[in-house]
Amino acid sequence: MRSTDNFTMPDNLKHLIDKLTDTRQLTKDEWIRLITGRTPDLAEYLFTLARIEQQRHYGHGVYIRGLIEFTNYCKNDCLYCGIRRSNSHARRYRLSEEDILSCCQTGYELGFRTFVLQGGEDAYYTDEKMVSLITHIKGLYPDCAVTLSIGEKSFDSYRRFFDAGADRYLLRHETHNPEHYSRLHPPSLTASARQECLWNLKEIGYQVGTGFMVGSPCQTPEHLAEDMLFIKELNPQMVGIGPFISHHDTPFASWESGSLELTLFMLGLLRLMLPKVLLPATTALGTIHPEGRELGILAGANVVMPNLSPAGVRKDYLLYDNKICTGDEAAECRKHLEERMESIGYHVVTARGDSLNL
Ligand code: SAH
């Protein structure tokens, strides 16, 4: 290669981005080449195209979701997660139905029209309790969407929650590759069971969100390529990705975190692959860099999920170290976010914000 231009943006990789824009897919080998060979200039080119798609479908609007982290009890022992069962240092809490409804009220007044109920897999919240909670929220706020993010359940449980009014479900597949999955999870959890849940959720009629961590321990470009192929096949309504960030009380305490740069690159690729998908600029992205979420939006993301959990429990829902926004009140978070989005020429939209990717 002669010129610096060619060196920083190899033609063959630019062609792959063009091909992705035209056909919305790549082969496994092409994904690997693109991810492995990426350069800063190539990333800028990608982000320019990703923003064109983002703005074509969603304008400069950024949807907000109110995240309510309602329990940090968990029966699972995922090796990366700070609220894993065997972390005896985690201070466990559960919010009551009353607490959760009060979060919704605060959120509603602040303009949130989606409530995301996220938690560990906590047997205290039986199907009956979840159904009661969903029914109450939908009764009080019929114009709002309820999103669940409570892990792996049976087909019947998913159906009961859906029949009670739940609209959406977030369940990251974490990594598609079974061998890689088994390095991140205890033997009781498998990649195929996780994926089966996603297909069940789709069949029932949920708007489904999946996703993965970027830079999780032992992850290779090949794994990321498999993630892209799986996501294309699943065709979800939302894809949540964020960098892996180590937590000091887990077996992965000393692993390096995923990078801002690769996370942004993957966001751009996702926007080109599924132009209408909802793509959050996640809290983890905001945690590894002070402008992480803004940069995420500029790479193609169009959703942010500020925290609505009561300030008193926020620091206990610590999936990873240094998590941001654990001190702020919901209203503060909301205001800061609005200012941050405006600083990059975008604005917060207070609408349900259903996915255009059907
Ligand atoms: N129990 C629910 C919710 C899990 S928490 C479930 O099983 O889906 C939501 C997401 O946080 C997880 O899917 C995981 O991708 C992410 N997460 C967990 N630990 C993390 C870490 N150390 N760094 C970055 N992301 C993490």
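Keep in mind it's a predicted model, so treat the numbers as computed, not measured. Order of appearance sets the numbers: ligands from 1, and atoms from 1 within every ligand.
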Asker: Taking transitive links into account, so neighbours of neighbours count too, which hydrophobic residues share a cluster with Val349 at under 4.5 Å side-chain distance?
Answerer: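 Grouped by the 4.5 Å side-chain rule, Tyr58, Tyr63, Leu67, Val116, Leu170, Met238, Leu278, Val303, Met305, Leu356 form the rest of the cluster around Val349.
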Asker: Linking Ile, Leu, Val, Met, Phe, Trp and Tyr through side-chain heavy atoms less than 4.5 Å apart, which residues share a cluster with Tyr80?
Answerer: Leu79, Leu184, Met213, Phe244, Phe252, Trp255
Asker: Are there any protein N or O atoms under 3.5 Å from the N or O atoms of ligand 1? List them with distances, or say none.
Answerer:
unit_1   : atom_1 : unit_2 : atom_2 : d
ligand 1 : 1 (N)  : Gly119 : O      : 2.9
ligand 1 : 7 (O)  : Arg194 : NH1    : 3.3
ligand 1 : 7 (O)  : Arg194 : NH2    : 3.4
ligand 1 : 8 (O)  : Arg194 : NH2    : 3.0
ligand 1 : 13 (O) : Glu174 : OE2    : 2.5
ligand 1 : 15 (O) : Arg172 : NH1    : 3.0
ligand 1 : 15 (O) : Glu174 : OE1    : 2.7
ligand 1 : 15 (O) : Glu174 : OE2    : 3.4
ligand 1 : 22 (N) : Tyr80  : O      : 3.0
ligand 1 : 22 (N) : Ile245 : O      : 2.7
ligand 1 : 22 (N) : Leu319 : O      : 3.3
ligand 1 : 23 (N) : Ile245 : N      : 3.0
ligand 1 : 23 (N) : Ile245 : O      : 3.3

Asker: Taking the six-membered ring of Tyr108, is NZ or CZ of Arg113 closer than 6.0 Å to its centre and within 45° of its axis?
Answerer: yes
Asker: Ring centroid separation for Phe70 and Tyr125, is it under 6.0 angstrom?
Answerer: yes
Asker: Aromatic contact between Tyr320 and His247, with the criterion being ring centroids under 6.0 Å apart: yes or no?
Answerer: no
Asker: In the hydrophobic cluster built from side-chain contacts under 4.5 Å, what are the other members alongside Tyr181?
Answerer: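 Under the 4.5 Å side-chain rule, Tyr181 groups with Leu189.
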